[in-house]
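Below: one structure, written as structure tokens.
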Amino acid sequence: MSEEGVAASGLPQPQAKGSEQQRDRLKPLLASMPNLPGVYRMVGEEGKVLYVGKAKDLKKRVGSYFRSSGLSPRIAKMVSLIRDIEITVVRSEAEALLLENNLIKALAPKFNILFRDDKSYPFLKLSSHVFPRISYYRGTVDRQSQYFGPFPNAWAVKESIHILQKVFQLRSCTDSILSNRSRPCLLHQIHRCSAPCVKKISAEDYAADVGRAIRFLKGDSAELLNELEQKMNQASVELNYEQAAFFRDQIASLSKVLEQHNMETHPELDCDVLAVATDGKTIAVNLAMVRGGRHLGDRVHYTSAAIDISEADLDELQDEALMAFVSQHYTAQESPLALVVNRTECAAAISEWLSAQAGREIRVLHQPQGKRREWLALAESNARLGLARRAQEMGSQQSKTQILAQTLGLTGESEDPFDLRVECFDISHTAGEATQASCVVYQHHEMRPSEYRRFNIRDITPGDDYAAMRQALARRYDALENLPDLVLIDGGKGQLGVAMEVFEGLGIDTGLLVGVAKGEGRKVGLETLVFPDGREIALGPDHPALMLVAKIRDEAHRFAITGMRARRAKAQIGSVLDEVEGIGPKRRQRLLARFGGLAGLKAASVEDLATVEGISRQTAQELYRRLRGS
């Protein structure tokens with residue numbers, strides 16, 4: 001989850017007379033509101049939803065928006081735009097929070113706080129192999145393997161893998177490498193792997209190490225140390241000094257890790273720590289994770305659009321931001337048994353909603369003690385540092401956007417005249433096959449990955465980039481209501497000419513178009529901007545506007561290439577699976593669900609393939625053979 005936001009800012013409060021007129025106009029509707037929990041939707045012109053909210057008592061909550069005084073500028077502006085109010089009655093406030101979250105995600109109302117969810121959280125994975133592999137994993141989890149997490153960032157996962165290798169010597173190599181090695185690798189020589197590939201450890205002893213690693217990840221470090229010490233003493237009594245030395249080394253490694261990481265050995269301290277902070281323009285929610293007594297690090301999530309927060313808005317918006325983050329994040333992620341937050345008013349509602357979601361009691365602490373208090377203070381500090389860092393980065397990016405707008409003579413339609421929406425198109429294929437067109441979006445002075453689009457190009461002559469661009473633009477803008485301020489076309493006069501034909505056919509102003517022609521030797525900084533009226537501008541490699549255009553163009557290129565490669569890999573998978581007798585549509589679906597794609601299938605052993613329902617060992621062997629030859 002990471003960075004979406006409120007879109008209203010710096011708005012003057014309407015006169016009381018306007019509020020009274022609005023209240024009088026909606027008076028019959030307000031009078032009919034029930035005193036029940038539910039969700040309300042503030043609707044503006046043309047049925048556009050302005051805001052979605054929840055309430056214990058719909059009549060009291062909705063009525064509070066229409067009092068004659070005391071409204072913040074943001075709420076007063078929203079009220080002035082309301083033309084209708086829709087409600088949905090539910091059974092409890094927790095149910096209202098869930099419905100509110102679903103509606104906010106679906107409708108993206110202008111006055112609600114949203115957090116962008118374009119980054120999934122990583123996990124540590126233990127495979128289902130007889131010698132389980134530890135690996136970094138991001139994606140949908142399955143029931144075959146064991147997953148630990150989520151972790152706040154990739155570094156936390158990789159640090160945990162490093163610890164497990166150092167203390168328990170679990171393997172990290174792929175199954176194919178494990179099956180084909182004839183001698184131990186370097187990791188075994190530096191005591192980071194027990195070398196199950198060449199039978200340096202039995203399956204039973206390796207499984208015991210896996211069990212200890214799982215206990216460590218769950219925070220059972222103290223009892224684990226005691227157990228290892230007992231095993232060491234027992235081996236010594238039995239004169240099995242080699243085994244005693246093995247346990248001694250594990251104890252030493254584990255003790256050193258606990259000391260270096262200042263780890264608590266009480267899993268009951270496990271929690272998520274949520275700290276809200278604001279700089280008056282942006283609201284940040286910092287999520288820190290504590291698992292197995294280890295502070296795994298944190299990730300700061302931001303509202304995307306700048307907002308001017310008045311004193312009247314301050315507490316209300318921070319509470320709303322925390323509730324919004326909780327409802328959006330924990331719909332997709334499992335909650336720990338405790339949350340620590342730095343907001344008081346909404347703690348009870350969060351606890352009720354999380355408990356209803358999880359089917360167990362989830363405590364929400366707003367006045368923590370001891371270690372949790374230290375973690376909360378650290379999370380608050382990191383939230384403020386994140387805001388300062390983001391403000392600095394956004395300032396530089398805003399400057400580049402402004403220079404681009406001034407260079408091209410553009411102004412955006414938002415309250416900030418230089419807040420442009422830019423869309424950029426690129427085409428990618430391999431010798432005419434698996435042709436993909438990409439459309440990336442730049443708005444609010446940053447790339448917007450959740451709004452990117454790919455187009456699978458069909459029914460054209462292979463390698464015809466002009467036809468591919470024509471199809472992509474027609475599909476994008478044929479029914480699009482809100483046009484961008486600028487459309488960048490990766491290509492020179494030819495591609496720009498195609499784009500002009502499409503726009504003229506759709507009745508769209510061709511003045512929105514700018515072609516980006518590659519420079520000599522395709523070097524970045526030597527590009528020329530080509531315009532529909534025939535003008536050509538070479539800004540120079542250090543010009544901020546060209547730097548921004550190049551950044552957006554490169555992102556479109558990257559997005560097109562990754563899509564093309566994925567499409568090509570999917571086609572390769574299909575051709576390989578189609579060649580294997582006994583694999584039909586259902587078994588193909590099961591294989592792809594288990595291993596994800598061609599890379600996952602190639603990394604799988606015969607034993608792994610045979611664990612999939614409906615795949616016999618004979619079929620697994622044939623598939624394994626064909627995958628190695630593909």
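Any value given below was found using the heavy atoms of this structure, including those in side chains, with hydrogens, waters and symmetry copies removed. Just so it is clear, the structure is predicted and the values come from calculations on it, not from any experiment.
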Task: Under-4.0 Å salt bridge between Glu446 and Arg390 - done: yes

Task: Ser438 OG to Ile427 CD1 distance, which is reported to the nearest 0.5 Å - done: 7.5 Å

Task: With sequence neighbours excluded, residues passing side-chain contact (heavy atoms from CB on, under 4.5 Å) with Asn382 - done: Asn286, Asp298, Leu378, Leu385

Task: salt bridge (Lys or Arg N to Asp or Glu O under 4.0 Å) assessment of Arg421 paired with Glu451 - done: CA-CA 11 Å; Arg421 180 181 177 90; Glu451 299 182 46; 2.8 Å; yes

- [ ] Dump the intermediate steps for side chain to side chain contact (heavy atoms under 4.5 Å, CB included) on Leu609 and Tyr624, then the final yes or no.
- [x] CA-CA 8 Å; Leu609 295 170; Tyr624 183 86; 4.1 Å; yes

Task: Side chain proximity check, Asp84 to Leu29, heavy atoms < 4.5 angstrom - done: yes

TODO: Might you point out which heavy atoms bring Val90 and Gly38 nearest each other, and give the distance in Å?
DONE: CG2-CA, 3.7 Å

- [ ] Could you tell me the separation between the CD atom of Gln398 and the CD1 atom of Ile403, rounded to the nearest 0.5 Å?
- [x] 12.0 Å

Task: side chain to side chain contact (heavy atoms under 4.5 Å, CB included) between Leu410 and Leu486, worked out - done: CA-CA 8 Å; Leu410 302 171; Leu486 175 65; 4.0 Å; yes

Open item on the list: Quick check: closest heavy atoms across Ala383 and Ala277, and the distance to 0.1 Å?
Closed with: CB-CB, 3.9 Å

Open item on the list: Main chain of Leu512, side chain of Asp509: is a donor-acceptor contact present, judged purely on distance under 3.5 Å?
Closed with: no

- [ ] Would you indicate whether the side-chain heavy atoms of Val43 and Glu86 approach each other to under 4.5 Å?
- [x] yes

TODO: Please report the shortest heavy-atom distance between Ile460 and Asp464, naming the atom on each side.
DONE: CD1-O, 3.7 Å

Open item on the list: Under 4.0 Å between a side-chain nitrogen and a carboxylate oxygen: does that hold for Arg476 and Glu423?
Closed with: yes

Task: Among Tyr51, Phe66, Tyr65, side chain to side chain contact (heavy atoms under 4.5 Å, CB included) partner for Ile85 - done: Phe66

TODO: Measure across Leu420 and Ala405 and return the closest heavy-atom pair with its distance rounded to 0.1 Å.
DONE: CD1-CB, 3.7 Å

Task: Side chain to side chain, Val514 and Val530, heavy atoms closer than 4.5 Å - done: no

Task: Candidate pair Ile87 and Val39, rule side chain to side chain contact (heavy atoms under 4.5 Å, CB included), full reasoning - done: CA-CA 6 Å; Ile87 65 169; Val39 170; over 6 Å; no

- [ ] For Gln471 and Arg458, indicate whether the former's side chain and the latter's backbone hold a donor-acceptor pair under 3.5 Å.
- [x] yes

Task: Side-chain touch Asp490/Gln495, heavy atoms, less than 4.5 angstrom - done: no

Task: Spacing of OG1 belonging to Thr407 relative to CG belonging to Leu546, to within rounding of 0.5 Å - done: 10.0 Å

Task: OH-CZ distance between Tyr477 and Phe503, expressed to the nearest 0.5 angstrom - done: 5.0 Å

Open item on the list: Under 4.0 Å between a side-chain nitrogen and a carboxylate oxygen: does that hold for Glu501 and Arg470?
Closed with: yes

Task: Pair Arg454-Thr562, side-chain donor/acceptor within less than 3.5 Å - done: yes

TODO: Would you check if Ile537 and Phe531 make a side-chain contact, meaning some heavy-atom pair closer than 4.5 Å?
DONE: yes

TODO: Identify the heavy atoms of Ala156 and Asn153 that sit nearest to each other, and give their distance.
DONE: N-OD1, 2.8 Å

Open item on the list: If you apply the rule side chain to side chain contact (heavy atoms under 4.5 Å, CB included), what do you find for Glu536 with Lys493, and how did you get there?
Closed with: CA-CA 10 Å; Glu536 295 186 12; Lys493 293 180 181 179; 2.6 Å; yes

Task: Side chains of Tyr442 and Gln397, donor plus acceptor under 3.5 Å - done: yes

Open item on the list: Determine whether a donor-acceptor pair (N or O, by modelled atom type, separation under 3.5 Å) exists between the side chain of Ser327 and the backbone of Met323.
Closed with: yes

Open item on the list: In this structure, is the centre-to-centre distance between the rings of Tyr121 and Phe151 below 6.0 Å?
Closed with: no

Task: Contact summary for Ala545 and Leu404, nearest pair of heavy atoms - done: CB-CA, 3.8 Å

Task: Close side-chain approach of Thr435 and Ser428, heavy atoms under 4.5 Å - done: no

Task: Glu100/Arg41 salt bridge by N-O under 4.0 Å criterion - done: no

Task: Atom pair CD1 (Ile489) and CE (Met500), whose distance is rounded to the nearest 0.5 Å - done: 11.5 Å

Open item on the list: With heavy-atom distances below 4.5 Å as the criterion, would you say the side chains of Thr278 and Leu317 are in contact?
Closed with: no

Task: Carboxylate-amine/guanidinium proximity below 4.0 Å for Glu555 and Arg553 - done: no

Task: Salt-bridge contact Arg83-Glu46 (side-chain N to carboxylate O under 4.0 Å) - done: no

TODO: Check whether any side-chain heavy atom of Tyr302 sits under 4.5 Å from a side-chain heavy atom of Leu387, and report yes or no.
DONE: yes

- [ ] Measure the CZ-CG distance between Arg475 and Asn456 for me, rounded to the nearest 0.5 Å.
- [x] 7.0 Å

- [ ] Hey, can you tell me if Tyr452 and Phe559 have their rings parallel, tilted or perpendicular (30° and 60° cut-offs)?
- [x] perpendicular

Task: Any donor-acceptor N or O pair under 3.5 Å, side chains Tyr136, Arg138 - done: yes

